[in-house]
Novice: 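I have a structure I would like to understand better, so I am pasting it below and will then ask my questions one at a time.
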Amino acid sequence: MEIHEVLVPLDFAVVGLYLVILIGIGAWVSFKKDRDTDENLFLAGNSLGWPSIGFTMWGTNVGPSMLIASASIGYTTGIVAGNFAWYAFIFIFLLAVVFAPRYMGARVQTLPEFMGKRFGDSTRNILAWYMIVTILISWLSLTLFAGGILIRQILNFPMWLSVIVLIIIAAFFTIAGGLKAIAYTNVFQMILLIVVSLALTLTGIYSVGGVGELIARAPAEYWNLFLPADDPNYPWIAIILGYPVMGVWFWCTDQSMVQSVLGAKNLKQGQLGANFTGWLKILDVPLFILPGILCFLIFPDLENPDEAYMTMVTKLFPVGMTGLVMAVLIAALVSTIDSALNALSTVFTVDIYVKKYHPNATQKRVVMVGRIVTVVGALLAIFITLAIDSIRGLNLFDIFQSVLGFIAPPMSVVFLFGVLWKKTTTKAANTILIFGTLLSIGTGIMYLWVFPQEVYGIWPHFLLLSFYIFVFLCFLVVIISLVDSKRKDVSTNVLDYGKLPRIPTNVKWLWAVLIVIMIALYIIFNGHG
C-alpha cells in the first residue's frame, strides 16, 4: 500500500500548516526592515548564536534518507550504525578546537579561500570547483532524489513535480534570507523533528511493553556498537580506522557543514554551537535507529527493511500525527537542501566570481550574483536528479554513500597537513587534490562497478579501503613536501590567523562532560551476547 493511500485530509492539512509556518518564519527573517542592505548574506552577517549553529549543522546532516536508512539498519543489525552518529563527536571536537579558531582567525568566508591563503590561488581554484561539483551532486541531487521519492509516495506527485516543489521551498530561504533565514527556520524544523521522532520512539516502546521488554526481546548483539572483525557489514576495525577519514572531511572541511560556524557572532559561539551539535548527535540513536529495532519486534515479517520507518508511522500513529511526520521528513529535506544551496552560492560567488572576475564588486552586487547562482544551481540540481531517476537497476543512494568514502581521503589529507604541518608545500597539496582524487575515485569505481565486491569478493571493507588510501596519501604529501621544500621560492603561505585564543572555560567543561558521556555510552553498548 502506498503512503498516500493511508493519509486523510487532516494529514494534508497538517503538512499545509507546517509549510505556511515555515515560509512565514523565513519571510519574517528575510524581509525584516532593520536588516543592513550590505549584510553578508552568506554568513548571516556573522550574527549566529550557538543554538542556531548547532541546529543548522545537525539539520544539514539529518536528511530523510538518513531517517529511513537508520531505521532500516536498526531493523536488521541493531545499533551498530550508531557509530556514524556517536563516533562523530571526536571530529566535531576537532572542528571546534583546531579548525574553527584558524578559519575564523583568518576571517574567511569559504574553505577554498582559507586554503588559497595557505597554498596559493591554484589550490583555491582546484578546491572551489571540487566543492561545487561535490555540493551539486552529493548534497543537492542525491538529497533531492531521496526527497523526490518521498514526496512521490506521500502526495502521489510525479518525480519532476516533487523535485520542483522541494527546490522552490528550499531556494526561497537561500535567495531571500541567506544563512540567517536558513538558521532560524532550522531551529523550528529540528525542534519539530525531535518532538515527533521522540513520540514515535515512545509509542513503539509502549507497543512493545516497556523498556524492559524491549531489552529482553531484542537479540543481545543488537545492543553492540562494535561487531566482530569478521562481520561482513560493520567490522569494528573498519569503523575505527575508516570512519575518521570521512569524519575529518565531513565535519571539518565540508563547506555545507562548516558554513554555520563561519557565520558565528564570535569564536566562542562557534565552539559552543559545535558542542551543541555533538549533544544533538546523541539523539540520532534513540530517535532514528531505535524505531527500526522496535519495528523488528512489532512487525518482524517485513519483506523490505527500508519500510521500517514508514511502517511504524502508518501503523502506530493516529490520524493527523502521520501528517506531522510527513512535515518532519520534508523539514529534514529542506534543511539539507537550503544549506547546500547556500554553500554552493557562497563558494562560486566568493572564490570564482569575486576572486577571478570582479575583485572590487560591491556587497550588493555580490549578493545579487549569489542569488542568481542559487537559481542556476537549483535548476542544475533538478536536471541531475531527474537524470538519476531515469537510471534503473542501481540502488544509487546506497552506492553514493560508499562513494563518499572514496571522496574523503584527499580532502582530509590536504586540510590536516595544511593546518597542522607548516612544511606542507603547494605542489604537495595540489598533487594530492588532483592525483589523490583520481586514485581515490578510481578505486571506488573499481570497487563498485568494474570488479564489484559482491561478485568477486576480493576487496577489504570500503571504510578500510578509504583508510589505506588516506595513509598512502599521507606518505605522499610528506615525501613531495620534503623534496619540494629544497626550492627557495616554494612558499606561498600568506595565511595569518593571528594568535590563537585560549579555549573559554565553559567551552572546555562542556566538551569534557560530552567526552565522558560518549565514552560511557561506548562502554554500556558493547559486550552483549
Side-chain angles (χ1 to χ4, degrees), residues 29 39-63 91-92 94-96 99-116 124 127-128 130-136 138-140 143 170-171 173-187 189-190 248-267 269-274 276-277 280 334-352 354 366-367 370-371 373-374 377 411 415:
V29 175
E39 180 181 291
N40 185 324
L41 203 68
F42 306 122
L43 299 183
N46 291 100
S47 65
L48 299 185
W50 64 264
S52 300
I53 294 165
F55 279 125
T56 299
M57 285 183 74
W58 190 57
T60 305
N61 182 220
V62 178
F91 310 100
I92 303 171
L94 203 63
L95 170 65
F99 287 93
R102 289 163 172 83
Y103 293 156
M104 296 183 75
R107 299 185 179 279
V108 295
Q109 295 183 72
T110 71
L111 303 187
E113 182 186 358
F114 178 85
M115 295 310 270
R124 180 176 183 175
L127 261 180
Y130 188 100
M131 284 191 178
I132 285 168
V133 171
T134 306
I135 292 167
L136 197 57
S138 67
W139 281 103
L140 279 174
T143 304
F173 302 123
T174 313
I175 293 167
L179 185 60
K180 186 179 279 188
I182 292 166
Y184 274 73
T185 51
N186 272 353
V187 172
Q189 293 187 108
M190 292 308 107
V248 170
W249 165 66
F250 187 82
W251 292 104
C252 303
T253 76
D254 187 279
Q255 183 76 27
S256 300
M257 291 306 303
V258 176
Q259 185 134 338
S260 56
V261 174
L262 298 180
K265 288 177 187 174
N266 50 51
L267 176 59
Q269 290 298 309
Q271 290 175 323
L272 288 171
F276 186 38
T277 307
L280 288 170
V334 170
S335 176
T336 302
I337 295 166
D338 57 21
S339 295
L341 278 173
N342 192 47
L344 178 81
S345 170
T346 308
V347 170
F348 184 89
T349 306
V350 173
D351 292 305
I352 294 169
V354 174
V366 169
V367 167
R371 286 172 170 155
V373 171
T374 301
M411 290 284 280
F415 273 83

Novice: Heavy atoms only: give me the nearest Ala274-Ile92 pair and the separation to one decimal.
Specialist: O-CG2, 3.1 Å
Novice: Apply side-chain contact (heavy atoms from CB on, under 4.5 Å) to residues Val258 and Tyr103 and explain how you reach the verdict.
Specialist: CA-CA 10 Å; Val258 176; Tyr103 293 156; 3.9 Å; yes
Novice: Would you say Gln269's side chain and Leu48's backbone share a donor-acceptor pair under 3.5 angstrom?
Specialist: no
Novice: What residues, two or more places apart in sequence or in another chain, satisfy side-chain hydrogen bond (donor to acceptor under 3.5 Å, both in side chains) together with Trp249?
Specialist: none
Novice: Considering all heavy atoms of both residues, which atom of Ser256 and which atom of Ala343 are nearest to each other, and what is their separation?
Specialist: OG-CB, 3.5 Å
Novice: Specify the closest pair of heavy atoms between Val373 and Leu344, including all atoms of both residues, with the distance to one decimal.
Specialist: CG1-O, 4.4 Å
Novice: Distance only, no hydrogens: is a donor on one side chain within 3.5 Å (strictly under) of an acceptor on the other, for Gln255 and Thr346?
Specialist: no
Novice: Report the distance from atom CZ of Arg124 to atom CE of Met115, rounding to the nearest 0.5 Å.
Specialist: 12.5 Å
Novice: Can you see which heavy atom on Thr56 is nearest to which on Ser260, and at what distance?
Specialist: CG2-CB, 4.0 Å
Novice: Which residues pass the side chain to side chain contact (heavy atoms under 4.5 Å, CB included) test with Pro101, not counting sequence neighbours?
Specialist: Leu267, Gln271, Leu500
Novice: Can you name the residues that form a ring-ring contact (aromatic ring centres under 6.0 Å, His included) with Phe55, not counting sequence neighbours?
Specialist: Phe276
Novice: Quick one: ring-ring contact (aromatic ring centres under 6.0 Å, His included) partners of Phe91, sequence neighbours excluded?
Specialist: Tyr87, Tyr243
Novice: Using only atom types and a distance under 3.5 Å, with no angle test, would you say the side chain of Ser345 pairs donor to acceptor with the backbone of Gly370?
Specialist: yes
Novice: State which residues pass side-chain hydrogen bond (donor to acceptor under 3.5 Å, both in side chains) with Asn61; sequence neighbours excluded, sorted by chain then number.
Specialist: Lys281
Novice: Give the minimum heavy-atom separation between Trp251 and Leu95, together with the two atoms involved.
Specialist: O-CD2, 3.4 Å
Novice: Kindly compute the distance separating CG (Asn266) from CE (Met104), expressed to the nearest 0.5 Å.
Specialist: 6.5 Å
Novice: Please round to the nearest 0.5 Å and tell me the distance separating atom CG of Leu127 and atom CD1 of Ile132.
Specialist: 11.0 Å
Novice: In Å and rounded to the nearest 0.5 Å, what is the CG to OG1 distance from Asn342 to Thr374?
Specialist: 7.0 Å
Novice: OG1 of Thr110 to CE of Met131: how many Å apart, nearest 0.5 Å?
Specialist: 7.5 Å
Novice: Residues two or more places apart in sequence or in another chain: which of them pass side-chain hydrogen bond (donor to acceptor under 3.5 Å, both in side chains) with Thr253?
Specialist: none
Novice: Which atoms form the tightest heavy-atom contact between Val347 and Pro112, and what is the distance?
Specialist: CG1-CG, 4.3 Å
Novice: To the nearest 0.5 angstrom, please state how far the CD atom of Gln259 sits from the OG1 atom of Thr60.
Specialist: 9.5 Å
